[in-house]
Trainee: 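Take this structure, written in structure tokens, and hold onto it; I'll ask about it next.
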Number of protein chains: 2
Amino acid sequence: MEKMRADARRNRAKVLAAAEEAFAADGLAVPLDDIARLAGVGAGTVYRHFPSKEALFQAVVLERIEQFAEEARGLAAAENPGEVFLDYFVRVIKQASLNRAICDALAESGGHAFKAGAGDDFRVALGELLRRAQAVGAVRKDIDGDDLRALIVGCLAVERYSPGSRHLVRIVVDGLRASSS
Amino acid sequence: MEKMRADARRNRAKVLAAAEEAFAADGLAVPLDDIARLAGVGAGTVYRHFPSKEALFQAVVLERIEQFAEEARGLAAAENPGEVFLDYFVRVIKQASLNRAICDALAESGGHAFKAGAGDDFRVALGELLRRAQAVGAVRKDIDGDDLRALIVGCLAVERYSPGSRHLVRIVVDGLRASSS
DNA sequence: GACGATACGGAGCGTACGTTCCGGTTGTCA
DNA sequence: TGACAACCGGAACGTACGCTCCGTATCGTC
């Protein structure tokens, strides 16, 4: 992974960039040959660097999820946890809805990518924001991080079904705020 | 459609029944050959009755949606529209989540099946229940039938992501109840 | 600059699946 | 019951795509 030939490292980066773009636009359905062509590389080269299309996809998705987690960690110390949490929740949904790779990763196999490995960072960071928002009474207490991830999945589906309808996500947010019943 | 040979009519019914079962279990991904085998019929016979796999799928899905619409019409005259509406909303989600054909139909092409043709009956009936629930103040007034369909899609995604977690749908229901903001 | 190792490209393989085609079969009607 | 049309089964076709293979090109080193 470190002592690679210079051209190999270059090509690996090109493949990753092309995959990022292609998967984000068309999701997992994009043929691997297209990614190779977009990267200016042969199909064999892709397989030299990633054992399968699935592995490449996961690499791309996990990288994006890690960015979400990073952002969440940066907000963990904010002084108004309620607003911060809800803003973050909405922002993640909006960003993810623009990225078909994320949507497909969630749909496939029940969001396996969100659950395993690097997705764990996201789970932890999101859970922390939630905990703080609950502590100040901004969010109902009968939910946990797993529930939240499921809600994100649902909101993504809504967003894909009828894009841009603002108040649907707000309904969920209102539901999160409502007193626990 | 009417003056068919007896065996043709029989086979058509067998294909439809098999497709219903297979699509409900495995969604659109089930190979057409499997449906034919399940129906005890050759692949050619399936194509004699339905121009494409997609058409067969739509026929099955629309039939199911029509059942939902029927049920909704039967509830239109109830004396407690608030409860009736929310119960119906939850029940549709629960039923649909058990049927991968419905889930796939919603995912594919933004729920095209729900929007066109027979799906219209569902839209109308659902809208009527909603209107009555709003009239008695049980549901916030800033949503319409299209929003509801989108919410159903989202709840289905949640259900598939983390099955059986009751209170996620309840969050949405609470959001629906919440005062309009 | 030459040599071995490493990486590249893209043709080609295997598979899966939607769809079509046609020789045989079965229902219908006179 | 005979004959024609409608229908059936399933082999075969075309396509798409993930993945592999191997002759060739490129890189790093001495």
Side-chain angles (χ1 to χ4, degrees), chain A residues 1-61 100-101 104-105 107-109 112-113, chain B residues 1-61 100-101 104-105 107-109 112-113:
Chain A
M1 191 89 176
E2 278 300 312
K3 293 192 65 180
M4 284 168 98
R5 256 170 52 172
D7 56 343
R9 202 160 35 238
R10 249 195 326 268
N11 279 329
R12 192 179 194 281
K14 285 198 291 184
V15 167
L16 219 39
E20 218 162 309
E21 178 180 336
F23 282 142
D26 296 332
L28 187 53
V30 67
L32 192 134
D33 288 11
D34 285 8
I35 294 174
R37 199 174 317 118
L38 185 62
V41 140
T45 300
V46 176
Y47 282 95
R48 175 165 305 277
H49 293 294
F50 300 93
S52 68
K53 177 187 176 181
E54 196 73 29
L56 175 57
F57 181 73
Q58 288 238 350
V60 168
V61 167
R100 283 212 53 189
D104 284 4
E108 306 281 316
S109 69
H112 177 274
Chain B
M1 192 90 173
E2 277 302 311
K3 293 193 66 181
M4 286 167 94
R5 256 171 52 173
D7 57 344
R9 201 160 34 239
R10 245 195 330 267
N11 279 328
R12 190 179 197 283
K14 283 198 292 183
V15 167
L16 220 39
E20 217 162 312
E21 179 180 338
F23 282 142
D26 296 333
L28 187 51
V30 67
L32 191 134
D33 288 9
D34 285 8
I35 294 175
R37 198 174 319 117
L38 185 61
V41 141
T45 301
V46 176
Y47 281 93
R48 173 165 307 276
H49 294 294
F50 300 91
S52 69
K53 179 188 175 181
E54 196 73 27
L56 175 58
F57 181 73
Q58 287 238 350
V60 168
V61 168
R100 282 212 52 189
D104 284 4
E108 306 282 315
S109 68
H112 178 274

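A note on names: the letters A, B, ... follow the listed sequences, proteins ahead of strands, and every chain is numbered from 1.
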Trainee: Counting only side-chain heavy atoms from C-beta out, which of dC8(C), dG27(C), dG9(D) sits nearest to V41(B)?
Mentor: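 Per side-chain heavy atoms of V41(B), the pick is dG9(D).
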Trainee: So which one's nearest nucleotide on DNA chain D is more toward 5', D7(B) or D33(B)?
Mentor: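 So the residue in question is D7(B).
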Trainee: Quick one: on DNA chain C, does A6(B) or A29(B) contact a more 5' nucleotide (nearest heavy atom)?
Mentor: A29(B)
Trainee: Is there a donor-acceptor contact under 3.5 Å from the side chain of K53(B) to the main chain of P31(B)?
Mentor: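 Checked: no pair found.
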Trainee: Nearest to the side chain of Y47(A), which nucleotide is it out of dT20(D), dG18(C), dC8(C)?
Mentor: dT20(D)
Trainee: Knowing that exactly one of V30(B), L38(B), D26(B), I35(B) qualifies, which makes a side-chain contact (heavy atoms from CB on, under 4.5 Å) with E21(B)?
Mentor: L38(B)
Trainee: Tell me the interatomic distance from M4(A), atom CE, to dA7(C), atom C1', rounded to whole angstroms.
Mentor: 9 Å
Trainee: For a quick test of reading the model: is some side-chain N or O of H49(B) closer than 4.0 Å to OP1 or OP2 of dC7(D)?
Mentor: no
Trainee: Give a yes or no on whether the backbone of H49(A) and the side-chain of R12(A) come within a donor-acceptor separation of less than 3.5 Å.
Mentor: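 Not confirmed, R12(A) side chain does not pair with H49(A) backbone.
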Trainee: Hey, is the side chain of N11(B) poking within less than 4.0 Å of OP1 or OP2 on dC8(D), counting only N and O atoms?
Mentor: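 Yes, such a contact exists.
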Trainee: Taking side chain as C-beta onward, heavy atoms only, is F23(B) less than 4.5 Å from D104(B)?
Mentor: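 The answer is no, as the side chains (C-beta and beyond) never meet within the 4.5 Å cut-off.
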Trainee: Does dG9(D) have OP1 or OP2 under 4.0 Å away from a side-chain N or O of T45(B)?
Mentor: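 It does, given that an N or O in the side chain of T45(B) lies less than 4.0 Å from OP1 or OP2 of dG9(D).
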Trainee: Of all the choices, dC7(D), dT19(C), dC27(D), which nucleotide is nearest to the side chain of K53(B) once you look at every atom?
Mentor: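 For K53(B), the side-chain atoms sit closest to dT19(C).
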Trainee: 5'-most contact on DNA chain D: P31(A) or R48(A), nearest heavy atom basis?
Mentor: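 The 5'-side residue here is P31(A).
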Trainee: Could you give the CG-to-C1' distance, from D34(A) to dA16(D), as a whole number of Å?
Mentor: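 These atoms are roughly 11 Å apart.
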Trainee: Need one value for A43(A): base, sugar-phosphate or nothing, where a base atom within 4.0 Å counts as base even if backbone is also close, heavy atoms only.
Mentor: base
Trainee: In whole angstroms, how far is the C1' atom of dC27(D) from the NZ atom of K3(A)?
Mentor: 14 Å
Trainee: Among the candidates dG18(D), dT28(C), dT20(C), find the nucleotide nearest to the side-chain atoms of R5(B).
Mentor: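 It is dT28(C).
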